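Before any comments, here is the structure.
Computed from a prediction, not measured in an experiment: that's the story for all the values here. Indexing begins at 1, ligand by ligand and atom by atom, following the structure's order.
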Amino acid sequence: MLDDTIAAIATPLGEGAIGIVRVSGPEAIAIAEKIFVSRTGVDWRRQGSHRLFYGLVVDPDTGQPVDEVLLGVMYAPRTFTREDVVEFNCHGGIVPLRRTLELVLQHGARLAEPGEFTRRAFLNGRLDLAQAESILDIIRAKTDAGLAVAMSLLSGELSSRVRRFQDQLLGILAQVEADIDFPEEDIEVASREDLKNSVLDLMGDLEELIHQARFGKVFREGLRTVIVGRPNVGKSSLLNALLREKRAIVTEIPGTTRDIIEEVVNIRGIPVRLADTAGMRDTDDIVERIGVERSRELVKAADLVLVVLDASTGLTSEDRAVLELVEGQKGIVLINKSDIGDGEGLARQVADLYPDKPVEVISVKTGYGLSKVEEAIERLVLGGQATASQMPLVSHVRHKQALVRCYEHLQEVLRALSAGENIDLVAIDLRAAWEALGEITGDTVAEDIVDRIFQDFCIGK
Ligand code: GDP
């Protein structure tokens, strides 16, 4: 499949100053020769790589000019896909872009699948799989921190860490295989202890990475947050206050379900996705609006639940029901309306009843305590472990799962070593651990997983 030439519009459709038709593959240059006419008389084919040429896209069949463009020419292998690449920088309108794309397709290219340019970059060894995944993260980053995590992934920090682990595993495997090959040599007891220690070292490092994944995912995907509480405690006021205070609302993501939209606010660099159930801002309450079952699901799926109570009314049975709903869940209890009630008193009561939940006294009306809410969110997410300068290396569930699988195989290795089991068995698990790591970089990953990863990309990327 890699011997054909692919093309796509690489910029969003709509009106813009420029739009780009990107072409990659062995026919890219030949296609440009057919449909691009230089306006400066330069023989662009005789110039070097990575240059821009001014001219027209012309339909060779009719001689009709289609658009005035800058043609970018990049010869393999120093390109994103490691193939010949040309890019038509057209005017950013739907018609000139479509017409240019049509001409490209008529003269030897086929339409690219989503993510196919990046996939070629991966298949041709320009990027490993984790780096390829980071590109989508960069495009979708919601905050500076999210972007920094994605850039670190692109730079290969995780990949090189994983490769170091793989090297260590190979070292251990070599020792084990020496044992298999020369079993009669009388070194076994000592070497089994040594092997165990090397495996334990590696497991410690893995554990650290797996632990980081927890907040890495938050930086990448945002902290899914819901606000719950009985009617009139101030949920919508709180949502509005958070949205208003944070001018840096980055984007609005359509929610997973029809009647819920989410907005992302940037709280101390953490992208916090606030579920706004339809109508919540029209003062209705989640539970009332979408039903107990659905709100339970929403709460279950959340990374963080903000439970709002009303200081002016004290703790009611409904409040207790809400608190039960978030039992075992990461949550912060916010005692609102402290301007008209005994916030501290209610806070003490709640802290006694639910000692596992942090409690903050606030007043949305006066703004009191809102910065403490932000602090509490930050504390909960980072657990005092990381700061923006200490980016988590692992931010994808897929990567975390591979690390966990590797870890589990190593546990098995330890068990087998301790139980004095056949050294062949130890070798099998060591190899499996090595392969689990290879899924991250794509060295050992199955085709269908690769397919799934690139399906999420947009066409032209
Ligand atoms: P929801 O039903 O939980 O979404 O509650 P709302 O946000 O609609 O608030 C209910 C009422 O409480 C509104 O009249 C708000 O203006 C008022 N309210 C919200 N927060 C505060 C607060 O901190 N202090 C006071 N005094 N009133 C508040």
Side-chain angles (χ1 to χ4, degrees), residues 223-247 249 252 255 257-265 267 272-327 329-351 353-354 357-377:
L223 188 75
R224 270 170 309 173
T225 305
V226 289
I227 304 176
V228 294
R230 66 182 156 81
N232 263 335
V233 291
K235 295 181 298 297
S236 13
S237 310
L238 175 66
L239 177 66
N240 285 328
L242 289 172
L243 295 180
R244 200 171 40 238
E245 283 223 334
K246 301 289 136 195
R247 278 287 155 84
I249 294 173
E252 206 169 287
T257 46
R258 205 158 31 85
D259 46 357
I260 297 168
I261 61 153
E262 285 183 328
E263 308 209 43
V264 182
V265 295
I267 293 184
V272 174
R273 286 162 52 179
L274 286 159
D276 180 8
T277 56
M280 182 158 142
R281 286 209 260 179
D282 307 326
T283 73
D284 262 313
D285 143 272
I286 298 188
V287 181
E288 241 168 58
R289 206 20 108 113
I290 65 177
V292 178
E293 261 325 295
R294 283 286 308 287
S295 36
R296 189 165 285 152
E297 278 167 29
L298 201 63
V299 165
K300 264 238 171 77
D303 300 311
L304 171 69
V305 186
L306 299 175
V307 183
V308 185
L309 302 179
D310 184 338
S312 69
T313 58
L315 199 66
T316 70
S317 57
E318 268 182 291
D319 290 332
R320 286 172 193 267
V322 173
L323 284 160
E324 307 285 299
L325 186 75
V326 297
E327 190 81 37
Q329 194 91 10
K330 257 201 183 146
I332 303 174
V333 181
L334 304 176
I335 314 285
N336 189 30
K337 306 199 192 179
S338 62
D339 53 314
I340 52 168
D342 178 12
E344 296 298 336
L346 182 54
R348 275 193 299 277
Q349 196 186 347
V350 171
L353 287 169
Y354 305 93
K357 297 259 185 307
V359 182
E360 299 295 342
V361 177
I362 63 168
S363 162
V364 176
K365 191 168 179 186
T366 65
Y368 172 77
L370 287 182
S371 62
K372 280 191 295 176
V373 176
E374 292 183 9
E375 236 169 74
I377 291 174

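Salt bridge status for D303 with K330: absent, with no side-chain N to carboxylate O gap under 4.0 Å.
Interface of S237 with ligand 1, defined as ligand atoms under 4.0 Å from a residue heavy atom, comprises 6 (P), 7 (O), 9 (O), 15 (C), 19 (C). Using a 4.0 Å cut-off to heavy atoms of D339, the atoms of ligand 1 that qualify are 22 (C), 23 (O), 24 (N), 25 (C), 26 (N). Atoms of ligand 1 found under 4.0 Å from any heavy atom of P231 (numbered from 1 in listed order, with element): 2 (O).
Side-chain atoms of K357 never come within 3.5 Å of backbone atoms of G331 as a donor-acceptor pair (strictly under, hydrogens ignored). Between the E360 side chain and the A376 main chain, no donor and acceptor come within less than 3.5 Å of each other. Judged by distance alone, with hydrogens and angles left aside, the side-chain atoms of K300 form no donor-acceptor pair with the main-chain N or O of Q329 at under 3.5 Å.
Of the N or O atoms in V364, one or more lie within a sub-3.5 Å distance of an N or O in ligand 1. Taking any N or O of K235, backbone or side chain, at least one lies under 3.5 Å from an N or O belonging to ligand 1. Close N/O approach between G234 and ligand 1 is found [any backbone or side-chain N/O within under 3.5 Å].
Of all non-hydrogen atoms in S237 and V364, the two that sit nearest each other are O-CG1, 3.5 Å.
Partner V308 forms a side chain to side chain contact (heavy atoms under 4.5 Å, CB included) with one of V233, V228, I362, V333 and no other, that one being V233.
Contacts with ligand 1 closer than 4.0 Å are made by side-chain heavy atoms of N336 only, the backbone lying farther away.
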